[in-house]
Amino acid sequence: MLTQLPRLTNSLRDHFDVDRAYLQRKEILRIIKSRRLRDDLVLARRLVHRWDDVSSDVRLAYKQFLGSVRELTDGEFSSDEFEEVAMFIYGLFNVPDIDIKRRIFEKKGELQKLVGYSVQDSSLQKVAESAHRLYMLQRDDPETASTWTGIADRHCEAIEFGSDIAFKVPARFLVDVPLENGATSVVDSFVSVIPHEGQHLMNGQYALNGEREVVSLRWLKDACEGIVKQGSSPLSGDDLALALCRLLLSNKAGDEIAGDLLDLVGDGAFELVQYLLLHRKELVDTIQYGLFILKSEKMASNGQARMPSYGTQVTVQTESERQMDKLRRKEEKRHKRGMDQEGMQDIPADSFASLLIASEKKQPFDDLIGTGQGPNSFSVSALPQGTTRFHGSNYEEVRIPPTATAPIRLDEKLIEISELDDFAQAAFRGYKSLNRIQSRIFYPTYYSNENILVCAPTGAGKTNIAMISVLHEIKQHFRDGILRKEFKIVYVAPMKALAAEVTSTFSQRLSPLNLVVKELTGDMQLSRNELEQTQMIVTTPEKWDVITRKSSDMSMSMLVKLLIIDEVHLLNDDRGSVIEALVESTQSMIRIVGLSATLPNYLEVAQFLRVNAETGLFFFDSSYRPVPLAQQYIGISEKDFAKRNELFNKICYDKVVESVKQGHQAMVFVHSRKDTGKVARMLLESAQFAGQLEFFSNEDDPQFSLVKKEVGKSRNRELVQLFDFGFGIHHAGMLRADRGLTERLFSAGHLKVLVCTATLAWGVNLPAHTVVIKGTQLYDPKVGGWRDLGMLDVMQIFGRAGRPQFDKSGEGIIITSHDKLAYYLRLLTSQLPIESQFISSLKDNLNAEVALGTVTNVKEACAWLGYTYLFIRMKTNPLAYGVAWDEVIADPSLSSKQRSLIVDAARSLDKAKMMRFDEKSGNFYCTELGRIASHFYLQYSSVETYNEMLRRHMSESELINMVAHSSEFENIIVREEEQEELEKLSKVFCPLEVKGGPSDKHGKISILIQVHISRGSMDSFSLISDAAYISASLGRIMRALFEICLRRGWCETSFLILDYCKAVDRQIWPQQHPLRQFDKDVPSEVLKKLEEKGADLDHLLEMEEKDIGVLIRYVPGGKVVKQYLSYFPNIILSANVSPITRTVLKVDVLITPDFVWKDRFHGASERWWFSVEDSENDHIYHSELFTLTKKMAMGEYQKISFTVPIFEPHPPQYYIRAVSDSWLHAESIYTVSFNNLTLPETQTSHTELLDLKPLPVSCLGNQTYDNLYKFSHFNPIQTQIFHVLYHTESNVLLGAPTGSGKTVSAELAMLHLFNTQPDMKVVYIAPLKALVRERMIDWRKRLVSQLGKKMVEMTGDFTPDIMALLSADIIISTPEKWDGISRSWHSRTYVMKVGLMILDEIHLIGTDRGPILEVIVSRMRYISSQTARSIRFIGLSTALANARDLADWLGVGEVGLFNFKPSVRPVPLEVHIQASSLVMNFSFLCKPPLKLYVGVVDRRLINVVWVKRNVK
């Protein structure tokens, strides 16, 4: 090449002007100090001179210009790219006298290359006019006219006169130097570079023309030596370089160290200072890498001195020497900390040379591939054999050949389908045999219950492996040839699209076995009945995590016998923490089958899944891929946006046409729906320009004319136009018919190239020989910007490369930026270890476990954490999780780190009131807030925000603003190019005040929330994505806030939020007309007129059809309105209130539905929130959710009962409110007045427990009686009532807590009867059959066998004969049975011979069975009065509030009334109440076989409180 020789003109410089140098230095420092990170005003200041001082007209013109540019680009460019396009366009039209149309004609092609697609003339005209208007306004603006000098090119702030004149180096200054590849190049080493983006001119000593010099410590050394030679620094070259390194490594900002740098290098080296600051990051990375190498070498040379050593030397020291050593160590530590701050603690002052050598040391394979920059920059340790690298112009290409198929071993055979059981063969219809991988894993999967982990390449048939495990589980439940469907199988798929595909596949293949397969995702909800009837559930990790978090769904999750987790390598993804939570919470008896791509640390993943590495772990490398895959990785290093875009397109086209020329089909994957059409048109235009259209055309196909007719019927014009040239597009925004047509055309070979989005790779199995991923940047609203294409998507897309029936190999191509090249190479050659992401969501998952009751203290939490993949990786790779080597040495098991993680998380949760953490005992106590956060998947940080912002009284705008502050939306960012559209949206669709405005992040979120409710439309791609992301979480967050306010008892805020829950779901504002909820059926004109007239529901219900027609001035509309009014949910309430005590009221609410049930609108059920409110105190005393089914609505009234408190002084009334859970304005109110309410007595009489000496059993005076009891003394309660029961005939009412010995007290009365009237009978009434059986078993052992008494049982299960009843001494019966017998007491002598009647659990007289108890007691008292034989009544109860009333009814006098306080117990009881949403029948607790198993659910302690709820 030709290289310029040195010139001597540098020696002819002017004399050095000190004043000029001072002013120049001051200006440089000012510019450096004013440079900040990019913000929203960077572009404004680059386009508009003196932006802060311009008039409002200029600002308005600037906004209009930005809006036209955004419209031109469709809002699909990142901020940097958008700025570059805006700068370019403005540069074209910032000339005073210009013919805009001619300029557009000249520059249109150049502009289309820049944006990458053809643009409309109207859009171009609009943007040109707005750019020229902005330019002219700046010239005319009085604020800037005095300083305006014209801007020739806005890429730089100042351009030297004559810099645009082409300069050609004279031939006498050039020499020819050959390049490596034989080409030649001219490099001018001395011509200065024209800087970009405000960069000042730099001397050629520090920058090259055209290509930027590689910034390194070698470059810094050369620059410093040059300064030393000029005499600008008294230091040596190495000392100066070391001093500069210290400054660059410091934590100071660039403007702070600029002066220090100038002091070091001298005032003559301004350019060097600026270049150092410009490339500070690269230099710091290089220095830190050198430090790392030096430190590694030092540790190696020390022989790992920090590891434990044994047999070391022992030194004896005096006390004073020991103190001196201690002081010395402290001083060394202090000195080391000071050195740390400077960043050079490991380098002596004279060792810059060693740092330089260390920084240039390479790791193995470093020179194989560029490592790029940024967080994903790391070297590739090894690439497959045969890998080649090619350097093109501004790009680098790495080609990995297809891996040879592994040879079949002698002992390897394929499993024939005929070898399977008959029922299993039905699921493999059409298959002759399993493939190699499926055959290898068949026996342990089909014939054992082992947990399985299969790591195999994409496309290896892992779906069939899942099917084999499903068939094994089905086989387990065949009994006598009949399939018992009492089991569940859960298949966890990573994406909704894949879940739909798996559901379709398994449902079809398992249909011969009559198994139900259902999808359960955010899009597909299942009712409880549907879940119960489903045997296989296909779901996403988040959805299943929500289900397992809810204790009410525990019964279903207990039926799960098999858990299949697809794509286990997602542990490395942001969603990996969810998979960890699923696995660690899975019962040990559930079989886990993990399916994964190839990954390096599969042994650790197997340990996490509890897989036996000897029998259940299978790893297959890429040699087992059915179609070997050749891979190409292309990294583009071009920095200029327009040229980079052009290069992307050129390489993409070259790869596609290369494949098509060989007779193959190609799929090009892009990352937005609009890009599919743009890229397809780009490929078509490139083929036309190159004259290669014949390679893509299918006109020679005999079916072409028929297919063309079918395509012509499509309404998608773009699809029809592209088909003629052999191109197609496919994305989720197309109609289903068009997508299906495209799939069929490509599958039949009528399309050579298909441009599509990633949804095609997930939802449809449509392979092609060549797969191209064009660009790896996609917009993700979750992170608030552009992110790299994930591992899962890339592997799924590459899985589509190669058609098993036709191709010997497939080809996968990634075109990306050069700095991402190494990342994707390592990712897809399985060299990236799978790390845990669990620590980021530790607080949320710990809260979920505490809410479920499975973790109750620190010890259990540490055990729970020990089962996670995080803990496994933490022990293997501690540094990646913030565990220092010193901690590993001191605590190899990491138990202290484990505990500290739990304690820190528990403290944070306690601070947020999500649970209570007792640090002394280490116990956790769940709170309602924590349970709500767990059920609704709220993040911990969001709960903190709500704790601060949620108030008892809030306006609607404050509510929306609070939701906008949720951490779920924290990554939403504000972009300058969106401002104009956000302002328009705010004016058109936002009825509520937007706090902060469009320029504020939370203001933007508020606008998008209101636009969602208003059903507004947006143009910008980024706004559409952000709005979709916000709306996906909005309903869940609103519901959680409603539950929080409801639990706090806030009336006003609770129902305000409930209204907005329904507003978000239905996308209707609460202030709009209620009939808008029928907007698909009621004409919009009718609804508008109803709103204009202000006709509310009550008014319309009272009107006739014709009156409504007149009101809206549309007679037929009256009938429509009246019809849909009848469908609007409405219920009529009435209530009965009865006081239980002076502070407790029992409320019976009667519900009468008053609407026409229509399945289309109401579904299977309607849910209503019932609440009892005190409007004066704005408090809810009771709330519950009531489900009204269709059957209930068709029948009579429904009844619900509950209790509420009442306080003195009494409020004038309570309100019973019923609000629909899903219909706006559907609510009913009933007023409960307290004006005529009569309450019981103020004082409740309780019997004091006397301090008596316990009576011995011997006081019974009968040795036979003494032998009935195994204890020696009666308890205090029995001692106090002994005399009345055993020595008198008085009726007794005993109210005492459970466990007080009331049964023994009743036996004392029985023994007294046996002593005084042995011919009389004892009747024991127990309200439940379970209690009857318990008494029978107990008394048969004692009273029957030892006293010789006869006893009979009378329940629905047992009816003794007459002789048994006549001879019986003791009759044990239920109330209903004794009621039936005692009705005919005249003819039944055994009824008249009753001497003692014991009524157990008599407090149940206040329940539904109370009337029967009342009847039999009243009847027995009447029998006693008629037969002149006294009957003694003994009532046994818990502590009562109105014991005196009950005693009077039983005929109990003052002597026989014993009503002890609830706190009076023989054994003190500590009560812990933890609420539960689980509702069960009370009788469930009384079944004798019931047992509570603790720790059944895999290391979990189950705490359950059963709640009884009366619904009739």
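- Note that CE of Met954 and CH2 of Trp1050 are 8.5 Å apart. Values are rounded to the nearest 0.5 Å.
- Checked against salt bridge (charged side-chain N to carboxylate O under 4.0 Å, His left out), Arg1167 has the following partners two or more places apart in sequence or in another chain: Asp1221.
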Worksheet item: Going through the distances and angles, do Lys911 and Glu944 end up as a salt bridge (charged side-chain N to carboxylate O under 4.0 Å, His left out)?
Response: CA-CA 9 Å; Lys911 185 179 178 183; Glu944 283 191 313; 5.3 Å; no
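- The backbone N or O of Cys1045 lies less than 3.5 Å from a partner atom in the side chain of Ser1054, making a donor-acceptor pair.
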Item to complete: For Trp1169 and Leu1058, run side chain to side chain contact (heavy atoms under 4.5 Å, CB included): C-alpha distance rounded to whole Å, both residues' side-chain angles, the deciding distance at 0.1 Å, then the answer.
Response: CA-CA 10 Å; Trp1169 284 100; Leu1058 181 58; 4.1 Å; yes
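- Taking both residues in full, the closest heavy atoms of Ala905 and Leu846 are given as CB-CD2, 3.9 Å, listed atom of the first, atom of the second, then distance.
- The heavy-atom pair separating Gln1071 from Glu956 by the smallest distance is OE1-OE2, 4.4 Å.
- Listed by chain and residue number, Asp844, Ser941, Ser942, Ser967, Glu968 satisfy the side-chain contact (heavy atoms from CB on, under 4.5 Å) test with Gln939 (two or more places apart in sequence, or in another chain).
- Residue pairs meeting the ring-ring contact (aromatic ring centres under 6.0 Å, His included) criterion with at least one member in residues 957-976, sequence neighbours excluded, are His965-His1002.
- Side-chain atoms of Ser1006 never come within 3.5 Å of backbone atoms of Val994 as a donor-acceptor pair (strictly under, hydrogens ignored).
- In this structure, Asp1174 and Tyr1181 approach most closely via the heavy-atom pair CB-CE1, 3.3 Å.
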Fill in: Trace of the salt bridge (charged side-chain N to carboxylate O under 4.0 Å, His left out) decision for Arg1048 with Glu928
CA-CA 9 Å; Arg1048 293 181 180 180; Glu928 277 296 335; over 6 Å; no
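- Ring pair Phe1128/His1225: centre-to-centre distance not below 6.0 Å.
- Within the structure, the salt bridge (Lys or Arg N to Asp or Glu O under 4.0 Å) test picks out the following pairs touching residues 1003-1015 (sequence neighbours left out): Glu978-Lys1004, Lys1004-Asp1026, Arg1015-Asp1079.
- Scanning both residues, Leu992 and Ser957, for their nearest heavy atoms gives CD1-N, 4.2 Å.
- Side chain of Glu981 to main chain of Asp1019: a donor-acceptor pair is present (N/O by atom type, distance under 3.5 Å, no hydrogens or angles).
- For residues 1064-1092, the ring-ring contact (aromatic ring centres under 6.0 Å, His included) pairs, not counting sequence neighbours, are Phe1078-Tyr1124, Phe1078-Phe1161, Phe1078-Trp1223.
- Taking His1210 as the reference, nothing meets the ring-ring contact (aromatic ring centres under 6.0 Å, His included) condition, with sequence neighbours excluded.
- The line from SG of Cys990 to CD1 of Ile1007 is 5.5 Å long, rounded to the nearest 0.5 Å.
- Under the rule for a side-chain contact (heavy atoms from CB on, under 4.5 Å), the partners of Ser1171 that lie at least two apart in sequence or sit in another chain are Phe1055, Glu1173, Ile1180, Ser1183, Arg1217.
- Listed by chain and residue number, Thr1152, Asp1154 satisfy the side-chain contact (heavy atoms from CB on, under 4.5 Å) test with Ile1132 (two or more places apart in sequence, or in another chain).
- Using a distance-only test at 3.5 Å, with no hydrogens or angles considered, a donor-acceptor pair links the side chain of Asn947 to the main chain of Ala912.
- The side-chain contact (heavy atoms from CB on, under 4.5 Å) check on Lys63 picks up Glu983, with sequence neighbours excluded.
- Residue pairs meeting the salt bridge (Lys or Arg N to Asp or Glu O under 4.0 Å) criterion with at least one partner in residues 1083-1097, sequence neighbours excluded, are Arg1076-Glu1091.
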Worksheet item: Checking side chain to side chain donor-acceptor pair (under 3.5 Å) for the pair Tyr937/Asp545: CA distance, chi angles, key distance, verdict?
Response: CA-CA 9 Å; Tyr937 232 66; Asp545 190 26; 2.6 Å; yes
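- Contacts of Tyr1230 classified as ring-ring contact (aromatic ring centres under 6.0 Å, His included), with partners at least two apart in sequence or in another chain: none.
- Atom OG of Ser577 and atom CG of Leu842 lie 10.0 Å apart (nearest 0.5 Å).
- Checking side-chain atoms of Thr539 against main-chain N and O of Leu520 turns up a donor-acceptor pair under 3.5 Å.
- Ring to ring, Tyr1214 and Phe1234 are close: their centroids are under 6.0 angstrom apart.
- To the nearest 0.5 Å, atoms CZ (Phe838) and CG (Asn845) are separated by 4.0 Å.
- Minimum heavy-atom separation, Val974 to Gln979: CG1-NE2, 2.9 Å.
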Worksheet item: Is there a side chain to side chain contact (heavy atoms under 4.5 Å, CB included) between Ile1229 and Leu1133 once you walk through the steps?
Response: CA-CA 7 Å; Ile1229 296 178; Leu1133 301 180; over 6 Å; no
Worksheet item: Could you go step by step and tell me if Gln1010 and His1012 meet the side chain to side chain donor-acceptor pair (under 3.5 Å) rule?
Response: CA-CA 5 Å; Gln1010 296 188 55; His1012 170 76; over 6 Å; no
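- With no hydrogens or angles considered, a side-chain donor-acceptor pair links Ser1033 and Arg1036 at under 3.5 Å.
- Listed for the Ser986 side chain is no donor-acceptor partner under 3.5 Å among the backbone atoms of Leu982.
- Between the OG atom in Ser1220 and the NZ atom in Lys1062 there is a gap of 5.5 Å [rounded to 0.5 Å].
- Legend: residues meeting ring-ring contact (aromatic ring centres under 6.0 Å, His included) with Phe924, ordered by chain and number and at least two apart, are Phe917.
- A salt bridge links Glu919 with Arg907; the closest basic N to acidic carboxylate O contact falls under 4.0 Å.
- Not one N or O on the side chain of Glu977 forms a donor-acceptor pair closer than 3.5 Å with the backbone of Leu66.
- Here the CG-CD1 distance, from Leu1008 to Ile1030, works out to 4.5 Å after rounding to the nearest 0.5 Å.
- None of Lys913, Arg916, Arg1047 except one satisfies the side chain to side chain contact (heavy atoms under 4.5 Å, CB included) rule with Thr927; the exception is Arg916.
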